[in-house]
K.L.:
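Quick one: the structure is below, and I'll ask about it shortly.
In this chain, numbering begins with 1 at the start of the sequence shown. Model, not experiment: these values are computed from the prediction.
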Amino acid sequence: RYPDRVHFVLGNRDINKMRLWQETMHAATHNGVWWRPDWKPDPAWSPSRRLQWILANTMGSPKAFEHRRQELQRADELR
């Protein structure tokens with residue numbers, strides 16, 4: 001009805017989820033980020049290693065990967 005009034009509202013979590021998928025699943029072709037021009041990704045990094053770096057260095061969650069690993073380990077032990 002009003003195509004010129006359509007807008008997308010995306011929150012920080014929505015954008016970060018899109019970013020995580022893009023940067024981890026396309027690790028071999030990702031050339032870094034514009035806000036860190038001095039840093040280039042190591043093509044030898046696995047998606048797991050890249051996720052750890054992203055969480056620690058750009059999302060302010062340095063322990064998130066380890067906490068999730070421990071959580072999954074405890075859940076596996078309960079089975």
Side-chain angles (χ1 to χ4, degrees):
R1 186 171 170 182
Y2 301 104
D4 59 326
R5 297 183 189 181
V6 175
H7 298 277
F8 288 106
V9 177
L10 298 172
N12 194 38
R13 286 183 176 198
D14 302 314
I15 294 168
N16 281 336
K17 287 175 188 172
M18 291 188 299
R19 175 185 173 215
L20 286 177
W21 181 82
Q22 177 67 28
E23 290 187 34
T24 56
M25 302 317 292
H26 301 284
T29 59
H30 195 280
N31 294 321
V33 292
W34 63 267
W35 61 88
R36 298 276 313 261
D38 59 318
W39 182 84
K40 295 293 179 198
D42 184 342
W45 279 7
S46 66
S48 169
R49 178 65 188 110
R50 183 176 294 275
L51 176 60
Q52 291 176 47
W53 185 90
I54 291 168
L55 290 169
N57 293 284
T58 68
M59 292 190 174
S61 304
K63 297 179 182 178
F65 192 90
E66 180 60 21
H67 288 168
R68 180 65 175 152
R69 187 194 65 75
Q70 291 173 3
E71 181 182 3
L72 291 173
Q73 184 178 18
R74 283 192 299 273
D76 191 46
E77 292 168 358
L78 293 175
R79 286 187 201 173

K.L.:
Could I get the full list of side-chain contact (heavy atoms from CB on, under 4.5 Å) partners for Ala64, not counting sequence neighbours?
P.N.:
Leu55, Ser61
K.L.:
Please report the interatomic distance CZ(Arg19) to CD1(Ile54), rounded to the nearest 0.5 Å.
P.N.:
5.0 Å
K.L.:
Applying salt bridge (Lys or Arg N to Asp or Glu O under 4.0 Å) as the test, list every pair that has at least one member in residues 54-67; sequence neighbours left out.
P.N.:
Glu66-Arg69
K.L.:
Considering residues at least two apart in sequence or located in another chain, which fulfil the salt bridge (Lys or Arg N to Asp or Glu O under 4.0 Å) criterion with Glu71?
P.N.:
Arg68
K.L.:
With Arg49, which residues qualify under salt bridge (Lys or Arg N to Asp or Glu O under 4.0 Å), at least two apart?
P.N.:
none
K.L.:
With sequence neighbours excluded, what pairs up with Leu78 under the side-chain contact (heavy atoms from CB on, under 4.5 Å) test?
P.N.:
none
K.L.:
Which value, rounded to the nearest 0.5 Å, describes the distance between Asn12 atom CG and Met59 atom CE?
P.N.:
8.0 Å
K.L.:
Scan residues 6-15 for pairs that pass salt bridge (Lys or Arg N to Asp or Glu O under 4.0 Å), counting only residues two or more places apart or in two chains.
P.N.:
none
